[in-house]
Amino acid sequence: MFAAKLLGWLLLGVVRLLTGAQARWVGCPPKAEQRIYFANHQSHIDLVMIWAALPEELRSITRPIAARDYWAGTPWKRWITTEVFHAIYVERGGAPDPNAATEQGAPPPDPLAPLQPLIDALESGDSIIIFPEGTRGHTGEPQKFKSGLYTLAQMFPDAVLVPAWIDNVQRVMPKGEVVPVPILCSVTFGVPIRVEPGEERRPFLDRARDAVIALRSV
Amino acid sequence: MNAWLRSLSPTEQVALLFLAVFGLLAAVSTFTLVMGFRERRNPQRDAAWQEDLAHVRGLLRTTWIMVVVFWIAWALGEGFATVLFALIGFFALREFITLSPTRRGDHRSLILAFFVVLPIQFVLVGTARFDLFTVFIPVYVFFAIPVAAALANDPSHFLERNAKLQWGIMVCVYGLSHVPALLLLSFPNYEGKSAFLVFFLVAVVQTCGLVQHVAARKLQRPAFAPNVSRSFEWRSWGVGMAVASVVGALMSFITPFKFGQALAMALIASVAGSMGHLVMKAGKRDRGIPNWGQRGVGVTGANGLLDRVDALCFAAPIFFHSVRWYFGV
């Protein structure tokens, strides 16, 4: 759609002017293979940052996730999220932890339901960008990762798992502010990780979180 | 030759100046390109030689970009030049703020700095309101910024945070806004030739920096203030001052100054520029980074613009006011 394309260009210009939107591919090159990018989450505009940092060719085949309660608030936000960012809506909070359910012996309340939109996107061959913390952190230190990443990694063993660190975004637009301040931000992409044979859910998620945090000081 | 030069209109003279600079740059670039093919017999020497050459190429690239930018700015007129320097100021301030830690409470002050102070300052320059633009930042803004910060209800490191922001504005906005202001100074019998004044300032400040850098490498003397700068020492500084002043004096024919005046003005500009560079170095050391740009802390994505313009930021206001005061324009 023409309007969406135009707005995309405009937005890209604004984001670059304000933040530089620099991508640093330190662990892997930008490549058109199916990937699951997982990044730290500090601000709603993380989504915009990582979208802007990706090269043009990858942007069209990579779909970020967007929290429905924020990004579907108004028709305008809904339009920009679906048409410009090609985002996938998810409910905030992520998947319920299936470990907790099985320990109690009760059947899990369909753990895949919240992930279904992501599964659809991956099945159709797109790459996705997820924020496994689920909610935005306050401290700068990423919170514990939710289990969705592990589930997706097991369902799609061929998708490459790329950790990413989004730097400085919380300074551009802290919670509660509307006008962004020009501060340079960057997205650092690290060495892909994979689920080792027989690796449990929690150790893998902790390892994934460490991989993201390690990129902060590269 | 001289008579012919005088017979040209100011526009033609400036165009000729750019032609000369472009010609010189093209010659130097061709020379380095050819030298790149040369292979030294001693492989160790060869590696060092190639590294030096790469350094020179980097410098040349920046110089090319700067000259092209200046040329475009001049070709499109004073209004465009003002916008151009406003953009440079914006990017420089962005770099400065990125590398100075700010807190949530600074958000409103930062918005004020970027989206109110910077545009107003450059509009004042563009409309040649010299009296107001000289005092706008030191008087009004330095009062408004702490007010905005105090209203944010966050007292921790209050003075430090405000000092940082005020310094950023002073260097990146106030300093740089004096470069386009030079274009609007009107000397008698010098209409349309103010571009020469900007060229004079930039050339002198850059020469001073370059000569000082080379002299420090050749002389290999112990640094005077090693905690701040590992290369600064008085002798190479003196060499830089001397060479830059003489270069400035030799360029007196393109300025409204006489030989001695040009020498003095060049000296003032290079002292301010080199000292400003030293001051910004101290700031960088405080932040624990060698450069404002990429090599130090890649994670911010800063591109080192501030490293290039910091000397100019300090030299421009001092040069501008010295000229205005002495010549009464």
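From a predicted model like this one, the values you see are computed outputs, not experimental measurements. Convention: sequence-line order gives letters A, B, ...; per-chain numbering from 1.
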Is it true that, when you exclude [X] itself, more than 12 heavy atoms of the residues, nucleotides or ligands shown sit nearer than 6.0 Å to its [atom1]?
{"X": "B:Arg57", "atom1": "CZ", "value": "yes"}
{"X": "A:Lys77", "atom1": "NZ", "value": "yes"}
{"X": "A:Trp25", "atom1": "CH2", "value": "yes"}
{"X": "A:Trp79", "atom1": "CH2", "value": "yes"}
{"X": "A:Glu200", "atom1": "CD", "value": "no"}

Euclidean distance, A:Leu18 CG relative to B:Phe90 CZ, rounded to 0.5 Å: 5.5 Å
All heavy atoms of B:Ile97 vs all of A:Arg171, minimum pair found to be O-NH2, 2.7 Å
Using side chain to side chain contact (heavy atoms under 4.5 Å, CB included), reason through B:Arg108 and A:Glu177 one step at a time and then give a plain yes or no. CA-CA 9 Å; B:Arg108 297 282 161 85; A:Glu177 297 286 347; 3.2 Å; yes
Part of A:Val26 lying under 4.5 Å from any heavy atom of chain B: neither
Do [X] side-chain atoms and [Y] backbone N/O form a donor-acceptor pair below 3.5 Å?
{"X": "B:Thr98", "Y": "A:Ile183", "answer": "no"}
{"X": "B:His107", "Y": "A:Pro180", "answer": "no"}
{"X": "B:Arg94", "Y": "A:Leu17", "answer": "yes"}

Turns out that what part of B:Arg103 lies under 4.5 Å from chain A's heavy atoms comes down to neither
Would you check if B:Phe91 and A:Pro182 make a side-chain contact, meaning some heavy-atom pair closer than 4.5 Å? no
